[in-house]
Amino acid sequence: MIPLVSKFYCSSSEVVFVVRTRPHVINGGGFVVTDCNQKVVFSVDGCGILGKEEELVVRDEKRDALLLLRGKGGIFEALSFHKIWKAYKYDFQGSKKLVFSLRRPKSCLPVKNDVGIRITTKPKVSRKDWDFEVSGYFPDRRCSIIDSQGNAVAQIGTIKKTGEQLSKDIYYVSIKPGVDQAFIVGVVAILDNIYGESTSC
């Protein structure tokens, strides 16, 4: 797989991260992502009280910005059948370069499945008009990100400890070898915002 953000975030082995949401008074909400040693490897600043509406930032362990995530609004969205998010990375000169777009069909009916959420990358890694899609239902913390050939590249699930109830504030993200981890965290941040979780305004 081609690194989408950086080859630095592509591991030769599968990794499992833990996602912990944080209060909206801290960087507008969002969440932190830790490794097996409880070291912060990524964080996401929500739009909340300190940020712009439908604009999220994915940061590395040093709090440097990796991705800017923007929900496309205005008249374009009003005329479209889809809700579109675009993810940009910052180059060494500070300008923004499109990494991926995520589109979700707009519907008035609640569904218990992330049907139709598809992701197109730059550069493209598939011959189809989309490269990845979401399977399952993010609010239940039971979903996968699969490629255009049907292979799961990442899985999101709940963490259950003995004697404790399941919490949506702490969950895991398992990422397959060779998959850009920053890209996956960016997708998770958008899903979190779509469903009004920790990054929502």
Q.
Pairing donors with acceptors under 3.5 angstrom, does anything connect the side chains of Ser43 and Arg63?
A. yes

Q) Ser11 and Gln181: side-chain donor and acceptor closer than 3.5 Å? A) no

(Q) Restricting to non-hydrogen atoms, name the atom on Leu66 and the atom on Ala182 that form the minimum distance, rounded to 0.1 Å. (A) CD1-CB, 4.3 Å

Q: Please confirm whether the backbone N or O of Ser148 pairs with a side-chain atom of Lys128, one donor and one acceptor, at under 3.5 Å?
A: yes

Q: Taking all heavy atoms of Asp131 and all of Thr121, pick out the closest pair and write down the distance.
A: OD2-N, 2.7 Å

**Q.** Val44 with Val32, same ILVMFWY side-chain cluster at under 4.5 Å
**A.** no

**Q.** Geometric class of the Phe42/Tyr9 ring pair [parallel <30°, tilted 30-60°, perpendicular >60°]
**A.** tilted

Q: Would you kindly check if the NZ (Lys) or CZ (Arg) of Arg141 is within the cone defined by 45 degrees around the ring axis of Tyr195 and under 6.0 Å from the six-membered ring centre?
A: no

Q. If every non-hydrogen atom of Lys89 is compared with every non-hydrogen atom of Val5, which pair is closest and at what distance?
A. NZ-O, 3.2 Å

Q.
Hydrophobic clustering (ILVMFWY, side-chain heavy atoms < 4.5 Å, transitive) - are Phe138 and Trp130 grouped together?
A. no

Q) Aromatic ring centroids of Phe132 and Phe100 under 6.0 Å? A) no

Q. Which value, rounded to the nearest 0.5 Å, describes the distance between Lys86 atom NZ and Arg70 atom CZ?
A. 12.0 Å

